[in-house]
Amino acid sequence: MFSLFLLPLFFHFPSVSPAKLRPEYYAESCPHAESIVRTVMHKALIREPRSVASVMRFQFHDCFVNGCDASMLLDDTPTMLGEKLSLSNINSLRSYEVVDEVKEALEKACPGIVSCADIIIMASRDAVALTGGPNWTVRLGRLDSLTASQEDSNQIMPSPRANASSLIDLFNKYNLSVKDLVSLSGSHSIGQGRCFSIMFRLYNQSGTGRPDPAIEPGFREELFKQCPQGGDENVTMNLDSTPYIFDNQYFKDLVGGRGFLNSDETLYTFAATRRYVRYFSKNQSAFFNAFVEGMLKMGDLQSGRPGEVRRNCRVVNGQSVII
């Protein structure tokens, strides 16, 4: 999901400013908003199960870059390089069309009311709930950004090579704890990842020319077959052994040396995070509770910048859609 890029000293991290966010924000202006989002997400799940896992990750990639403002949904323009082609998003994030479908349905029901930023928050929750994970009450009332920055995304978002120490440092900048880091990494309970993300782990871990010794031998052989040197690095593999069910199997796999990404398995090999991995591997309810807490905290990240409610999540209002 997530090496960490060196951040310039002047970089502004979004702050937690949830004062205006509240449950039932659309109770009067668009009373069926949450049910509309869930209906579209359920259809997407039936059509392509992987798509809801993809949409769930939007919250991470959106909120960490200048707060939860749907900046990641903006298409590039002649004067703006957005976040879709940033290092962490290109050839990785997918299923933008699901958000388009949600937005279209909401615009028919209550035009100009529900922000794309809130759609990401609701859809991420629904992706978890619809695949067997916890359900929770989301806080709503966000505005959509007026711009996006590929550079900001490149400077912040970590790569699959990240180790636990760098991830802890990143999360700490957002006032997210070690426990939050481990529980939110459990988002990899559903979905798939590309061979591209693990080639260094398989063939040149830490410049040794050898595989990561943390990979369980049987799993390593499986990875060799699916992700051979010189093969198609866009081939995808499951992030855990129950990729369509949101559960604690992800943590059981980490304990067994079967974590797919380096940024996953490092959570078990690093002492500061290992205890939470072990705890969540044995207690699914504790994982669910911690995950919800982390998602709510992350969803409260705000930039304080001006915004609007976009009519089309891909462009700011008043701007033509380029086809």
A.B. asks: Taking atom types as modelled and ignoring hydrogens, do the side chains of Tyr174 and Asp180 form a donor-acceptor contact shorter than 3.5 angstrom?
C.D. replies: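 The criterion, which ignores hydrogens and geometry beyond distance, is not satisfied for Asp180 and Tyr174.
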
A.B. asks: Would a distance-only check, ignoring hydrogens and angles, find a side-chain to backbone donor-acceptor pair under 3.5 Å from Arg94 to Val55?
C.D. replies: no

A.B. asks: Strictly below 4.0 Å, N to O, side chains only: are Arg258 and Glu222 in salt-bridge contact?
C.D. replies: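 The answer is yes: the pair qualifies as a salt bridge.
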
A.B. asks: Decide if the gap between the ring center of Phe291 and the ring center of Phe246 is smaller than 6.0 angstrom.
C.D. replies: yes

A.B. asks: I'd like to know whether the aromatic ring centres of Phe171 and Phe64 sit less than 6.0 Å apart in this structure.
C.D. replies: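 When the ring centroids of Phe171 and Phe64 are compared, they turn out to be within the sub-6.0 Å range.
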
A.B. asks: Is there any ring-ring contact (aromatic ring centres under 6.0 Å, His included) pair reaching into residues 194-233, and which pairs are they, with sequence neighbours excluded?
C.D. replies: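 Residue pairs with at least one partner in residues 194-233: Tyr203-Phe224.
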
A.B. asks: Are Phe58 and Tyr96 an aromatic pair by the rule of ring centers under 6.0 Å?
C.D. replies: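 Ring centroids of Phe58 and Tyr96 are less than 6.0 Å from each other.
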
A.B. asks: When hydrophobic residues are tied together by side-chain contacts of less than 4.5 Å, even through go-betweens, does Leu74 share a cluster with Leu81?
C.D. replies: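 They do not share one cluster, since no chain of ILVMFWY contacts under 4.5 Å joins Leu74 to Leu81.
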
A.B. asks: Which residue is it: Phe280, Tyr279, Tyr276, Phe288? I am looking for the one with a ring-ring contact (aromatic ring centres under 6.0 Å, His included) to Phe251.
C.D. replies: Phe280

A.B. asks: Is it possible for you to say whether Leu296 and Phe60 belong to one hydrophobic cluster, with membership spreading through side-chain heavy-atom contacts below 4.5 Å?
C.D. replies: yes

A.B. asks: Judged by modelled atom types alone, do Tyr26 and Asp118 share a side-chain donor-acceptor pair under 3.5 Å?
C.D. replies: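 Yes - a donor-acceptor pair under 3.5 Å links their side chains.
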
A.B. asks: Would you mind checking if Lys84 and Asp75 are paired as a salt bridge, meaning a charged N to carboxylate O distance below 4.0 Å?
C.D. replies: yes

A.B. asks: Which residues pass the side-chain hydrogen bond (donor to acceptor under 3.5 Å, both in side chains) test with Asn283, sequence neighbours left out?
C.D. replies: none

A.B. asks: Go through the side-chain N and O atoms of Ser166 and Asp169 and say whether any donor and acceptor fall under 3.5 Å apart.
C.D. replies: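 The criterion, which ignores hydrogens and geometry beyond distance, is not satisfied for Asp169 and Ser166.
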
A.B. asks: Would you compute the distance between atom OG of Ser197 and atom CG of Leu202 and round it to the nearest 0.5 angstrom?
C.D. replies: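 So the gap between those two atoms works out to 11.0 Å.
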
A.B. asks: In terms of side-chain heavy atoms, does Ser71 have a donor or acceptor partner in Asp69 at a distance below 3.5 Å?
C.D. replies: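 Present: a donor and an acceptor within the cut-off.
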
A.B. asks: Can you confirm whether the side chains of Gln249 and Asp240 place a donor and an acceptor under 3.5 Å from each other?
C.D. replies: no

A.B. asks: Distance check, rounded to the nearest 0.5 Å: Gln59 atom CD versus Ile121 atom CD1?
C.D. replies: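 Separation between the atoms: 3.5 Å.
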
A.B. asks: List, by chain and then residue number, the residues other than Leu143 in its hydrophobic cluster (Ile/Leu/Val/Met/Phe/Trp/Tyr, side-chain heavy atoms under 4.5 Å); write none if there are no others.
C.D. replies: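 ILVMFWY cluster around Leu143 also holds Val309.
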
A.B. asks: Hydrogens and angles aside, do Gln205 and Asn262 bring a side-chain donor and acceptor to less than 3.5 Å of each other?
C.D. replies: yes

A.B. asks: Is it true that Asp247 and Thr242 share a donor-acceptor pair across their side chains at a distance under 3.5 Å?
C.D. replies: yes

A.B. asks: For the residue pair Arg50 and Ser95, confirm or rule out a side-chain donor-acceptor distance under 3.5 Å.
C.D. replies: no

A.B. asks: Ignoring hydrogens and geometry beyond distance, is a side-chain donor-acceptor pair present between Asn234 and Arg194 at under 3.5 Å?
C.D. replies: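 Side chains of Asn234 and Arg194: pair found under 3.5 Å.
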
A.B. asks: For the backbone of Arg142 and the side chain of Ser115, can you confirm whether one donor and one acceptor N or O come within less than 3.5 Å of each other?
C.D. replies: yes

A.B. asks: Could you report the tightest heavy-atom contact between Leu254 and Leu267, atom names first, then the distance?
C.D. replies: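 Distance-wise, the nearest heavy atoms are CD1-CB, 4.4 Å.
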
A.B. asks: Should Arg47 and Glu101 be marked as a salt bridge (Lys or Arg N to Asp or Glu O under 4.0 Å) after you check the CA-CA gap, both sets of side-chain angles, and the distance that decides it?
C.D. replies: CA-CA 13 Å; Arg47 183 173 66 235; Glu101 292 170 18; 3.3 Å; yes

A.B. asks: State whether Lys103 and Glu107 are salt-bridged, where the test is any N-O pair (Lys NZ or Arg NE/NH1/NH2 against Asp/Glu carboxylate O) under 4.0 Å.
C.D. replies: yes

